[in-house]
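Everything below concerns the one structure shown next.
Chain naming here is simple, since letters A, B, ... match the order of the sequence lines and numbering starts at 1 in each.
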Amino acid sequence: MRWSRTLINTLRDDPQEAEIASHKLMVRAGLIRKLSGGLYTFMPFGVRALHKVSQIVREEMNRAGAQEILMPALQPAELWERSGRLATMGQGMFRLKDRADRLMVLGPTHEEVTTEMICGEVSSYRQLPCTVYQIQTKFRDEIRPRFGLMRAKEFIMKDAYSFDVSYEAADASYQAMYDAYVRIFKRCGLMARPVEADTGDIGGKWSHEFMVLADSGEDGVIDCPVCGYAANQERAERKVDASSGSSDGAAIEEVATPNVRTIDELTAFFKCAGDCFIKTLIYSADGNPVAVLVPGDRDLNEHKFKRLLGVKKLELADDPTILAATGAPVGFAGPVGLTIPVYADQALKGATGRITGANKADIHIKHVDLARDANITAFEDLVIVGTGDACPKCGKPLQLKRGIEVGHVFKLGTKYSESFDARFLTAEGQRELMVMGCYGIGVTRTLQAVIEQNHDADGILWPASVAPFAVTLLLLDPKDAAVCAVVDKLEKELQDAGIDVFVDDREDRPGVKFKDADLIGCPVRVVVGAKGLAKGGVEVKMRNSKDMAIVPIDAAVADIVGRVKALV
RNA sequence: CGGGGCGUAGCGCAGCCUGGUAGCGCGUUUGCUUGGGGUGCAAAAGGUCGAGAGUUCAAAUCUCUCCGCCCCGACCA
């Protein structure tokens, strides 16, 4: 392919709308163009790299025994009513009506369609296990699309679904996908880390996310450098020693605290540290008020709390609810005397001598002894874990990092099998529920993550496996017939050798071509110019190295092919 | 949805406060020039100044409403 015949435009300046390096580079290098918020066109170079990623995914899925299928993006909403997710995921789905006024959705994921399809096809244990996958466009009405392809309204996902006769068998299917994911990200040139993750609305018992560590990542990743424990911050746990509050044995004492509500205001007012206080939060859990206590210097992890309560909807209670539940306006809630369920973080077990709200306006109480003064429903791990907290496995200090979620594997169990009555006949003639797993890779997100993790100040450093072209050939003197002849010869011979080669044949000065070659970032750069030829050949340089070699023309193809082969 | 910022040529921006019929750089086209890390010169094309309403003799500029984009939060496989 030649630049002069290609729809590729590079930009000198960073696009105004881009914030992170990979987004800027994808636009500057001419890989993508924005249509609207969260909607992008893949330009020729972008689509070539995308197809490379897709092909790696496809090869590894096939190798793991999964079968490729392709399901409709447009789906009847009725399917989603059956699983109950029209209500729980409804906000995030694009909806439309067909001419018969039937409600349709654009699929954000395909558990429903897959399970419905498998119901009709699989009826015997002899057909199991069965894992299907597709690489397909997904639609999600994201609240805030951002960072280019990282969080888009329309994106390409590889989603796979496994069906098994038992939980033990499902574990094997899960492990096969887990192993395939490790290989996929490695082949894409990514350092991706499996971490324990929250299952969220998709349901299921257990899941792992594959995280690409990057400062621009949207997720917090808790990492133990000693024992290897790693978890999404949404799920991460910590080890806590029995609380050692200073028990003064004193009785509760009211203190007037007019307009002192927040922990910051309280620490200033009482002149003591945040952990002297117990923060009391009132939540509405599926409409019922509940209280939750965390140490004053900690934040509640709503994901953990929601999982503990087992509710569908959990949100901070509104002011009237708080007034009704505690008898006091916002800012003065406390555990003493509450009649609603009160959950507390495990670190508060045995807490004494603390300060809490008094459930009266403008009053706090001190010398609170939780065991003595309050009725706690349960002590659980409920706070957001951060740097310095103790690892739940080994007790050593944890670290908080940022990560990009490029893949997620779930053990679903029978959640969808039950909704769709997906059963099979056992050897004994019993009808039993299939045990499912589901497995996603954000293909477009993975592509951008590759750039986020492989770039420098000058541009992209493509891993050879996903580079739009393995070799970029710079024709420095397009008016020099001898130079052109060398380029023609190299281009043809490299193509014959199966190498993807891109020729910059523009009528531009060398500096422009060098800059653009660095920006676009193909792994091998071959410069063909009159000066180089006079020195004895063409110049071969790797994008990730400063070293440049002059290679005689006759030896050039073998040299370049050797370099490309060594990369993959 | 709450807070903040922005919308002027394909891209990046100035002009707006203090109203007077739109400018710079890049890119594009043409000619010359240059020819190994974003050459130089000259000419040219390209704009309903996000949309609508209002104030005014006159609005990119002031007022109001709406729309879009970006960031933080909330929220979200």
Side-chain angles (χ1 to χ4, degrees), chain A residues 7 9-20 23-24 27-28 30 33-39 83 85 88-93 107-112 138-148 150-153 155 157-159 161 197-204 207-210 216 218-219 232 234-235 302-303 306 313-316 405-410 412 415-416 438-442 445 458-459 474-480 483 504 506-519 525 527-535 538-539 541 546 548 550:
Chain A
L7 189 55
N9 286 297
T10 54
L11 305 178
R12 285 192 190 209
D13 300 313
D14 286 334
Q16 170 266 336
E17 82 263 14
E19 190 76 8
I20 65 174
H23 185 194
K24 290 175 180 173
V27 177
R28 282 191 59 205
R33 290 290 182 255
K34 185 173 75 175
L35 173 65
S36 167
L39 300 173
S83 68
R85 285 209 291 183
T88 56
M89 279 193 78
Q91 296 290 324
M93 284 193 282
T109 176
H110 281 242
E111 283 77 16
E112 282 79 358
K138 297 283 188 273
F139 299 86
R140 294 186 189 177
D141 194 1
E142 293 288 347
I143 297 175
R144 183 148 84 86
R146 55 181 146 176
F147 303 149
M150 286 297 186
R151 185 166 292 274
K153 288 183 177 172
F155 61 98
M157 182 188 222
K158 185 287 302 177
D159 45 326
Y161 307 89
D198 198 39
T199 52
D201 282 338
I202 205 159
S207 76
H208 286 91
E209 287 168 340
F210 286 77
S216 60
E218 291 189 89
D219 292 284
N232 189 307
E234 291 176 352
R235 166 172 272 273
E302 291 189 5
H303 296 92
K306 188 176 176 186
K313 190 170 186 187
L314 179 72
E315 57 189 350
L316 270 171
E405 179 194 348
V406 289
H408 203 156
V409 292
F410 295 82
L412 281 177
K415 176 180 160 102
Y416 297 93
C438 72
Y439 318 92
I441 289 177
R445 183 185 282 181
D458 294 318
L474 305 193
L475 168 55
L476 286 202
D477 303 287
K479 287 176 182 160
D480 184 324
V483 176
D504 187 349
R506 292 176 298 173
E507 297 272 349
D508 263 304
R509 291 173 56 81
V512 174
K513 298 183 183 181
F514 288 131
K515 286 286 185 189
D516 276 336
D518 286 345
L519 176 61
R525 187 188 82 183
V527 174
V528 185
K531 286 195 181 176
L533 293 181
K535 282 187 204 164
V538 300
E539 298 139 61
K541 176 187 166 299
K546 286 196 169 74
M548 189 266 284
I550 294 184

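- Look at A/K138 and A/D159 and you find a salt bridge, because one of the NZ, NE, NH1 or NH2 atoms lies within 4.0 Å of a carboxylate O, short of that distance.
- Using a 4.0 Å heavy-atom distance criterion, A/R28 is classed as a base contact.
- Ionic pairing of A/E218 and A/R146 is present here: one or more N-O contacts between side-chain nitrogen and carboxylate oxygen are shorter than 4.0 angstrom.
- Contact check for A/S83 versus A/Y416: side-chain heavy atoms found under the 4.5 Å cut-off.
- Across all strands shown, the partner of B/rG2 is B/rC72, judged by Watson-Crick or G-U wobble contacts whose two distances both fall under 3.5 Å.
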If a protein heavy atom is under 4.0 Å from the base, mark B; if only from the sugar-phosphate, S; if neither, -; do that for nucleotides 69-75 of chain B going 5' to 3'. SSBB-BB
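- B/rG54 and B/rC62 make up a base pair, with Watson-Crick or G-U wobble contacts both under 3.5 Å.
- Residues A/S207 and A/H408 are in side-chain contact: their nearest non-hydrogen atoms beyond the backbone lie under 4.5 Å apart.
- Contact detail for A/L475 and A/K513: the closest heavy-atom pair is O-NZ, 2.5 Å.
- For B/rG10, the paired base is B/rC26 (Watson-Crick or G-U wobble, both distances below 3.5 Å).
- Here the side chains of A/H23 and A/M150 are not in contact, with every heavy-atom distance at 4.5 Å or above.
- Ion pair A/K531/A/D477 not flagged as a salt bridge, since none of the NZ, NE, NH1 or NH2 atoms sits closer than 4.0 Å to an Asp/Glu carboxylate oxygen.
- Rounded to a whole Å, the CG atom of A/D13 is 7 Å from the C1' atom of B/rC26.
- Look at the P atom in both B/rC41 and B/rG3: the space between them is 49 Å, to the nearest Å.
- Taking atom P in both B/rU55 and B/rA74, the straight-line distance is 44 Å, to the nearest Å.
- Two residues are said to be in side-chain contact when any heavy atoms from C-beta on lie closer than 4.5 Å; A/D516 and A/R506 meet this criterion.
- As rounded to whole Å, 14 Å separates atom C1' of B/rG25 from atom CG of A/L11.
- Figure legend. B/rA45 is base-paired to no nucleotide; pairs are counted as Watson-Crick or G-U wobble with both atom distances under 3.5 Å.
- Under the 4.5 Å side-chain criterion, counting only non-hydrogen atoms from C-beta, A/T109 is in contact with A/Y161.
- Nearest-nucleotide positions on RNA chain B place A/D518 closer to the 5' end than the other of A/I441 and A/D518.
- Rounded to a whole Å, the NZ atom of A/K24 is 13 Å from the C1' atom of B/rG12.
- Both A/E405 and A/L519 lie close to RNA chain B; mapped to their nearest nucleotides by heavy-atom distance, the more 5′-ward contact belongs to A/L519.
- Separation of the C1' atoms belonging to B/rA45 and B/rC6 is 29 Å when rounded to the nearest angstrom.
- With rounding to whole Å, A/L474 atom CG is found 13 Å from B/rG37 atom P.
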Starting from the C-alpha separation in whole Å, work towards a yes-or-no answer on side-chain contact (heavy atoms from CB on, under 4.5 Å) for A/H303 and A/R235. CA-CA 7 Å; A/H303 296 92; A/R235 166 172 272 273; over 6 Å; no
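- One interatomic measurement links the two molecules: CZ of A/R12 to P of B/rG10, which rounds to 19 Å at whole-angstrom precision.
- Distance noted for atom C1' between B/rA60 and B/rU48: 12 Å (whole Å).
- As judged by a 4.0 angstrom heavy-atom cut-off over every strand, A/D516 is placed among the base-contacting residues.
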Would you tabulate the pairs of protein nitrogen or oxygen atoms and nucleotide nitrogen or oxygen atoms of nucleotides 31-35 of chain B closer than 3.5 angstrom?
from   : atom 1 : to     : atom 2 : distance (Å)
B/rU34 : O2'    : A/R509 : NH1    : 3.3
B/rU34 : O2     : A/R509 : NH1    : 2.7
B/rG35 : O4'    : A/R509 : NH1    : 3.3

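- Rounded to whole Å, the separation between the P atoms of B/rG31 and B/rG38 comes to 25 Å.
- Salt-bridge check for A/K415 with A/E111: failed, with every basic side-chain N at 4.0 Å or more from each acidic carboxylate O.
- Nucleotides B/rC17 and B/rC62 place their C1' atoms 11 Å apart, quoted to the nearest Å.
- Counting any heavy atom pair closer than 4.0 Å across all strands shown, A/R525 reaches a base atom.
- At a threshold of 4.0 Å, the pair A/E142-A/R151 counts as salt-bridged, since one of the basic side-chain nitrogens sits closer than that to a carboxylate oxygen.
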Using atom names, set out every protein N or O paired with an N or O of nucleotides 48-51 of chain B below 3.5 Å, distance rounded to 0.1 Å.
none

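- One P atom belongs to B/rA58, the other to B/rG73, and the distance between them is 47 Å to the nearest Å.
- Straight-line distance from the CG atom of A/N9 to the C1' atom of B/rC26: 13 Å, rounded to whole Å.
- Protein atom CG of A/D141 is 11 Å distant from nucleotide atom C1' of B/rC76, rounded to whole Å.
- Judged purely by atom type and a 3.5 angstrom limit, A/R28 uses its side chain to pair as donor or acceptor with the backbone of A/L11.
- With both ends at atom P, the span from B/rG35 to B/rG46 equals 34 Å, rounded to whole Å.
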